[in-house]
Amino acid sequence: MSTLSVEMLAAAPAGPITSAGHAQLGIAVLAGIAVIVLLITRFRLHAFLALTLGSLVLGAAAGAPLDKAIASFTTGLGSTVAGVGVLIALGAILGKLLADSGGADQIVDTILAKAGGRAMPWAMVLIAGVIGLPLFFEVGIVLLIPVVLLVAKRGGHSLMRIGIPALAGLSVMHGLVPPHPGPLAAIDAIGANLGVTLALGVLIALPTAVIAGPLFSRVAARWVDVAPPEKLVPQRPSEELERRPGFGVTVATVLLPVVLMLAKALVDVVVDDPKDHVQRVTDVIGSPLIALLAAVLVGMFTLGRAAGFGRDRLASTVEKSLVPIAGILLIVGAGGGFKQTLIDVGVGQMILDFSKSWSVSALLLAWLIAVGIRLATGSATVATISAAGLVAPLAADMSTAHAALLVLSVGAGSLFFSHVNDAGFWMVKEYFGMDVGQTLKSWSVMETIISVVGLGFVMLLSLVV
């Protein structure tokens, strides 16, 4: 299949609780999304509560009995947390081990020691990309900000030339590469292959990060001229450690789950025999749960023990890593509930019915839906989960590669133009000491470049895979 036209997609069976017509369903979708947007943006309600209430409004407006709407929401929440929650928890533990042991600082310091003046923006995007694999975006910002500010100050570099590449590396990983929550939830909703999505996501993420990072930073530096705000330089985690893990072993630990999942995807393509012993082994060790669990267990020794952590310190690190992700798990779970409600009231079937007469690429449609929700709510995770639920029926007749590209289209759309309703917008603004206008001209434009360029590479890949 060289092109992905929505015209070619067959209809999926209608959901079990749908009884409404297309007009009523359309109104119900708009009402549900409007409630979510209003509660998040106007009333500053937590996204978990907003998604929960929006799901109930959607079900009621679609004419579904309230008990059926509640059942759909709870079923979707449970299945999403069951499929994604453990992976998010394991990723959080690995990220906390990486930060607290000084492993992240070791990666940063080693790369920066070998990078000259002109190579510094490229070094920053590399650092952010490697560190961004297991870390949540907000954690990555907090971890890299001291480095960005120190490098800019001591080297006499423009803050934009150093900061934009770091932010681009983190953001690209957050939106396009599992095991981040958004891509994982989209993979689960669409039913895509994680290994294939990971491989294609990395393939798209690399050139996208280069364009939105080191290349765009030249323009951003001319648009925005700010000095590193000294009062915002926090203490680095490893400054109070007597020793920290080596560079090679730290990188190997971070990349271990990626290597295992990619190995599984490669063997599945080459062997394609469920009875083959090698494929059966790689299917186990390359599953996301086992790959991340292996990295966490290895990291306790290669990162924790190497930094001098005893049993109590390791236990404390693991415990502290799980506390901040409670909200993320609830948001992702509620997003899954919203997705299931969409499916069960028949919205997926409605989209397929309408799309038969459209000449719009399914990948472009997925991107546009994610962009709309992102602009309205400000949350990349909410945009990814909601859009994935809406376009999931379009993947029914897609190949494995094209289903993965559908996930990446949603992920790219979820990053479009971060603005004042996005918490990340305010984090970047405050850490870099910028005003709102400067943040829009730097951070917001960078996010838009990532989204558009990411879509462009998705569309190009769809022609060859």
Query raised in the report: Of all residues at least two apart in sequence or in a different chain, which pass the side-chain hydrogen bond (donor to acceptor under 3.5 Å, both in side chains) check with Gln340?
Result: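 Asp344.
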Query - Pairs where residues 207-229 contributes a residue and the test salt bridge (charged side-chain N to carboxylate O under 4.0 Å, His left out) is met, not counting sequence neighbours - result: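 Matches after skipping sequence neighbours: none remain.
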Under 3.5 Å, is there a donor-acceptor pair between the side chain of [X] and the main chain of [Y]?
{"X": "Thr448", "Y": "Phe417", "result": "yes"}
{"X": "Ser79", "Y": "Gly76", "result": "yes"}
{"X": "Ser171", "Y": "Leu167", "result": "no"}
{"X": "Ser451", "Y": "Ala412", "result": "yes"}
{"X": "Ser386", "Y": "Ala383", "result": "no"}
{"X": "Ser316", "Y": "Arg313", "result": "no"}
{"X": "His402", "Y": "Val465", "result": "yes"}
{"X": "His419", "Y": "Leu375", "result": "yes"}
{"X": "Arg305", "Y": "Met300", "result": "no"}

Report yes if some heavy atom in the side chain of [X] is under 4.5 Å from a heavy atom in the side chain of [Y]; otherwise report no.
{"X": "Ile211", "Y": "Phe457", "answer": "yes"}
{"X": "Leu198", "Y": "Asn193", "answer": "no"}
{"X": "Val445", "Y": "Leu440", "answer": "no"}
{"X": "Met434", "Y": "Val224", "answer": "yes"}
{"X": "Ile93", "Y": "Thr317", "answer": "no"}
{"X": "Val148", "Y": "Phe432", "answer": "yes"}
{"X": "Ser442", "Y": "Ile164", "answer": "yes"}
{"X": "Ser217", "Y": "Arg161", "answer": "yes"}

Requested in this report: Apply side-chain contact (heavy atoms from CB on, under 4.5 Å) to the pair Asp188 and Leu184, showing each step before the final yes or no.
Outcome: CA-CA 6 Å; Asp188 182 66; Leu184 279 177; over 6 Å; no
Do NZ/NE/NH1/NH2 and the carboxylate oxygens of [X] and [Y] come within less than 4.0 Å?
{"X": "Glu447", "Y": "Arg374", "answer": "yes"}
{"X": "Lys114", "Y": "Asp109", "answer": "no"}
{"X": "Asp435", "Y": "Lys429", "answer": "no"}

Distance, nearest 0.5 Å, that separates [atom1] of [X] from [atom2] of [Y]:
{"X": "Trp122", "Y": "Ile127", "atom1": "CH2", "atom2": "CD1", "result": "14.5 Å"}
{"X": "Ile450", "Y": "Ile204", "atom1": "CD1", "atom2": "CD1", "result": "13.0 Å"}
{"X": "Thr400", "Y": "Leu405", "atom1": "OG1", "atom2": "CG", "result": "11.0 Å"}
{"X": "Leu97", "Y": "Leu297", "atom1": "CG", "atom2": "CG", "result": "10.0 Å"}
{"X": "Leu38", "Y": "Ile33", "atom1": "CG", "atom2": "CD1", "result": "13.5 Å"}
{"X": "Ile36", "Y": "Leu45", "atom1": "CD1", "atom2": "CG", "result": "11.0 Å"}

Minimum heavy-atom distance [X]-[Y], with the two atoms named:
{"X": "Ala395", "Y": "Ile190", "answer": "CB-CG2, 3.6 Å"}
{"X": "Leu303", "Y": "Ser101", "answer": "O-CB, 3.4 Å"}
{"X": "Ile187", "Y": "Pro178", "answer": "CD1-CG, 4.0 Å"}
{"X": "Leu176", "Y": "Ala205", "answer": "CD1-CA, 4.3 Å"}
{"X": "Gly169", "Y": "Ala128", "answer": "CA-CB, 3.9 Å"}
{"X": "Ala362", "Y": "Leu406", "answer": "O-CD1, 3.8 Å"}

Requested in this report: Scan side-chain atoms only and decide if Ser418 and Trp443 contain a donor-acceptor pair under the 3.5 Å cut-off.
Outcome: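 A pair is found: one side chain offers a donor N or O, the other an acceptor, under 3.5 Å apart.
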Query raised in the report: Just checking, any donor-acceptor pair under 3.5 angstrom between side chains of Ser72 and Thr341?
Result: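 There is no such pair between these side chains.
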Report task. Start with the C-alpha gap between Val125 and Val172, add the side-chain angles, then the distance that decides, and say whether side-chain contact (heavy atoms from CB on, under 4.5 Å) holds. Result -> CA-CA 10 Å; Val125 75; Val172 166; over 6 Å; no
Requested in this report: Report the C-alpha separation of Leu256 and Val298 in whole Å, then their side-chain angles, then the decisive distance to 0.1 Å, and conclude whether the side-chain contact (heavy atoms from CB on, under 4.5 Å) test is met.
Outcome: CA-CA 9 Å; Leu256 177 60; Val298 169; 4.0 Å; yes
Query raised in the report: In this structure, which one of Leu293, Leu289, Leu292, Val81 forms a side chain to side chain contact (heavy atoms under 4.5 Å, CB included) with Val86?
Result: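 In the set Leu293, Leu289, Leu292, Val81, the residue that makes a side chain to side chain contact (heavy atoms under 4.5 Å, CB included) with Val86 is Leu289.
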Requested in this report: Return the set of residues passing ring pair (Phe, Tyr, Trp, His ring centres under 6.0 Å) with Phe73 (not counting sequence neighbours), or none when no residue passes.
Outcome: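 Residues passing ring pair (Phe, Tyr, Trp, His ring centres under 6.0 Å) with Phe73: none at all.
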Query raised in the report: Checking side-chain contact (heavy atoms from CB on, under 4.5 Å) for the pair Phe216/Val210: CA distance, chi angles, key distance, verdict?
Result: CA-CA 8 Å; Phe216 171 66; Val210 167; over 6 Å; no
